[in-house]
Amino acid sequence: MNKLPVSRLVVMKFGGTSVEDAVAIKRTASIVQGRRDKGLTPIVVVSAMAKVTDQLFAAAAAAARGDRSGALAITARLRNRHFETAKALISAETICDLGQWVESEFGSLDEVLRGLAAVGELTPRISDMIVSVGERLSSRIIAEAFRHYGLDAAHVDARQCIVTDAQHGKAIPQDSLIEQRLREHVLPHALAGRIVVIGGFIGSAADSAPDKLITTTLGRGGSDFTAALVGGGIDAGSIEIWTDVNGIMTTDPRIVPGALRVKTISFEEAAELAYFGAKVLHPATILPAVRKNIPVLVLNSHNPQNEGTRIISLAPHCRSPFKSIAVKRRLTIIDVVASRMLMSHGYLRAIFDVFDKHKCPVDMVSTSEVSVSLTVDSNEKLPEIAADLSQLADVKYEGRKALVCMVGENIRGQNGIAARVFQAIRHVNVRMISQGASEINMSFMIEEDDVEEAIRSLHAEFFSDPDPEIFDVEALKERAPEPVKEGVS
Ligand code: ASP
Ligand code: MG
């Protein structure tokens with residue numbers, strides 16, 4: 001087989017809002033055509049249409065509670081939405097087969113939901129089967145729409161390629177099997193110049209029989225992960241994550257209207273930001289791409305001319321210490337004062353066991369001789385967690401906290417940065433501080449009410465003289481007010 005020059009393969013992932021309706025799908029087709037015109041071979045990974053996965057989860061939950069009609073009402077709306085979208089995209093002649101297929105998919109989905117309503121037990125395996133319908137539908141409809149717009153497209157069922165273990169809901173991909181399957185099912189199309197369209201988020205368990213795939217999912221937001229797995233598996237030249245923002249920003253533009261687009265950022269920095277709530281990218285996206293040194297671009301499907309953010313393994317030199325400030329709200333601080341356990345070993349473990357038991361992830365930890373402070377997402381399990389912890393020590397918890405996370409490779413080994421940070425927010429009460437666990441992130445906990453003031457002060461301190469190599473300063477010039485001309489009223 002003649003080999004395609006690797007750099008010609010580009011994985012383009014479109015999220016839910018980029019395929020939410022016929023207008024969005026048309027826009028997506030023209031973006032893909034644009035890459036094609038540049039001589040690239042796109043492999044397109046799509047999410048379910050916006051909000052569809054949430055609605056499928058809601059239908060499953062309704063059925064599991066015995067609310068059969070509630071569940072079927074949700075799927076009736078979904079059926080209608082997918083039909084209307086397909087009709088608006090595809091000509092009457094070709095819609096027939098697709099329409100029948102959509103009908104039969106909803107028929108099977110409704111059957112599963114009816115069964116579930118009768119039995120009342122939602123297993124993770126059935127949940128995956130139900131929620132996978134979003135990507136299965138979107139990918140096939142989109143492939144058909146692409147063909148209708150003159151793109152030579154082929155649909156590939158992601159479950160043929162994305163082989164995982166059997167941990168339903170958060171299945172772990174099996175890299176070498178995936179590579180093999182991509183070579184079988186995706187590469188031949190790409191070598192023939194066809195554009196593969198494949199659903200994100202879903203896969204199948206490695207021990208499935210070939211004619212009876214056991215559907216798995218990679219976890220919420222998992223389509224980015226699929227894109228990275230596909231990109232890594234076929235040695236793509238780049239991976240493009242198309243979303244509805246202009247890439248990674250220096251901070252939330254709703255808080256700081258003068259926030260700038262970050263043009264280039266390192267993998268490590270981007271992963272750090274993702275963990276701390278910058279919703280642009282799923283952190284796991286990073287890994288399969290990092291391993292193979294494939295650049296990931298975050299781009300805006302509503303503004304395709306914008307260059308977005310380029311994520312690469314080693315960021316180029318930047319004048320300022322930080323690249324971006326992220327904030328995560330709705331957190332709770334839990335203070336555990338373990339005076340009874342003073343000097344005894346194993347008490348941190350006992351504390352973490354409680355969080356483990358309640359499957360509650362901990363964001364930040366700070367310890368002293370007698371007390372441990374931890375922060376968690378505010379959730380309804382807190383009273384139970386506190387009750388368990390109070391068996392070990394005195395416990396207090398307090399909600400409405402926010403974590404500010406400042407990320408930048410250049411803080412490694414630089415003096416005086418912490419002083420500048422805390423000087424900038426000297427009026428704000430800082431509850432917890434963490435630096436060092438990751439050398440490129442400085443985070444601290446404040447009251448939710450102080451977030452806006454803190455972020456504005458920090459942004460002014462660190463981004464008032466932005467490095468044009470790294471930040472989009474052109475946008476700043478465009479935004480600058482016109483100079484006032486004298487004598488003109
Ligand atoms: N549709 C899935 C979700 O909403 C996966 C994704 O969009 O990335 O979580
Ligand atoms: Mg998404």
Side-chain angles (χ1 to χ4, degrees), residues 11-21 24-25 28 43-61 74-75 77-78 81-82 85 105-106 109 122 124 126-143 155-159 161-162 164 167-173 178 197-204 215-232 239-245 248 270-271 274-275 277-289 296-302 311 361 377:
V11 173
M12 306 175 75
K13 180 260 174 176
F14 293 90
T17 53
S18 304
V19 297
E20 65 189 341
D21 54 23
I25 294 172
T28 294
I43 290 134
V44 177
V45 176
V46 293
S47 288
M49 295 168 73
K51 303 273 175 344
V52 168
T53 310
D54 288 340
Q55 286 158 15
L56 290 165
F57 270 111
I74 295 174
T75 57
R77 281 197 297 276
L78 286 174
R81 178 169 169 203
H82 285 89
T85 306
E105 286 300 305
F106 275 103
L109 175 61
L122 179 58
I126 293 182
S127 174
D128 273 354
M129 196 165 146
I130 294 170
V131 300
S132 72
V133 170
E135 270 73 9
R136 285 172 43 221
L137 289 167
S138 67
S139 58
R140 213 168 141 183
I141 293 172
I142 290 162
H155 177 252
V156 170
D157 186 336
R159 296 172 303 170
C161 300
I162 306 299
T164 69
Q167 285 184 60
H168 288 280
K170 216 165 183 39
I172 311 283
I178 291 175
V197 181
I198 184 168
F201 177 56
I202 65 176
S204 65
T215 305
T216 55
T217 61
L218 303 175
R220 291 309 306 268
S223 296
D224 294 346
F225 197 5
T226 305
L229 290 166
V230 173
I239 297 169
E240 301 180 347
I241 306 289
W242 289 85
T243 100
D244 51 7
V245 293
I248 295 174
Y275 284 118
K279 292 226 168 46
V280 175
L281 196 80
H282 192 282
T285 303
I286 304 302
L287 284 172
V296 176
L297 285 109
V298 180
L299 297 157
N300 187 353
S301 64
H302 297 268
I311 305 171
D377 274 339

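FYI, side chains are in, hydrogens and waters are out, and symmetry mates aren't considered; it's all heavy atoms of this structure. Throughout, numbering of the chain's residues begins at 1 and tracks the sequence. Each ligand, and each atom within it, is numbered from 1 in the order the structure gives.
- Close N/O approach between Ser223 and ligand 1 is found [any backbone or side-chain N/O within under 3.5 Å].
- Using a 4.5 Å heavy-atom cutoff, the side chains of Thr85 and Val19 are not in contact.
- Ligand 1 is never approached by Gly16 to a heavy-atom distance shorter than 4.0 Å.
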* Could you walk me through whether Asp224 and Lys13 pass the salt bridge (charged side-chain N to carboxylate O under 4.0 Å, His left out) check? -> CA-CA 7 Å; Asp224 294 346; Lys13 180 260 174 176; 2.7 Å; yes
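- Using a 4.0 Å cut-off to heavy atoms of Ser47, the atoms of ligand 1 that qualify are 6 (C), 7 (O), 8 (O).
- To the nearest 0.5 Å, atoms CD (Glu20) and CZ (Arg81) are separated by 7.0 Å.
- Judged by distance alone, the side chains of Arg220 and Thr53 never bring a donor and an acceptor atom under 3.5 Å apart.
- Taking CG of Asn300 as the reference point, atom OG1 of Thr17 lies at 8.5 Å (rounded to 0.5 Å).
- Every atom of ligand 1 is numbered from 1 in the order shown, and the set under 4.0 Å from a heavy atom of Thr53 is 1 (N), 2 (C), 3 (C), 4 (O).
- In terms of N/O distances under 3.5 Å, ligand 1 is not approached by Gly219.
- The shortest N/O to N/O separation between Lys13 and ligand 1 does not fall below 3.5 Å.
- Residue-ligand proximity: Gly222 is placed with a non-hydrogen atom under 4.0 Å from ligand 1.
- Atoms of ligand 1 lying under 4.0 Å from any heavy atom of Glu135, numbered from 1 in the order shown and given with element: 1 (N), 2 (C), 5 (C).
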* To do: Walk me through it: do Thr226 and Glu135 pass the test side chain to side chain contact (heavy atoms under 4.5 Å, CB included)?
  => CA-CA 12 Å; Thr226 305; Glu135 270 73 9; over 6 Å; no
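- Atom OG1 of residue Thr217 and atom CD1 of residue Ile162 lie 13.0 Å apart, to the nearest 0.5 angstrom.
- In the vicinity of Arg220, heavy-atom distances shorter than 4.0 Å reach the ligand 1 atoms 3 (C), 4 (O), 9 (O).
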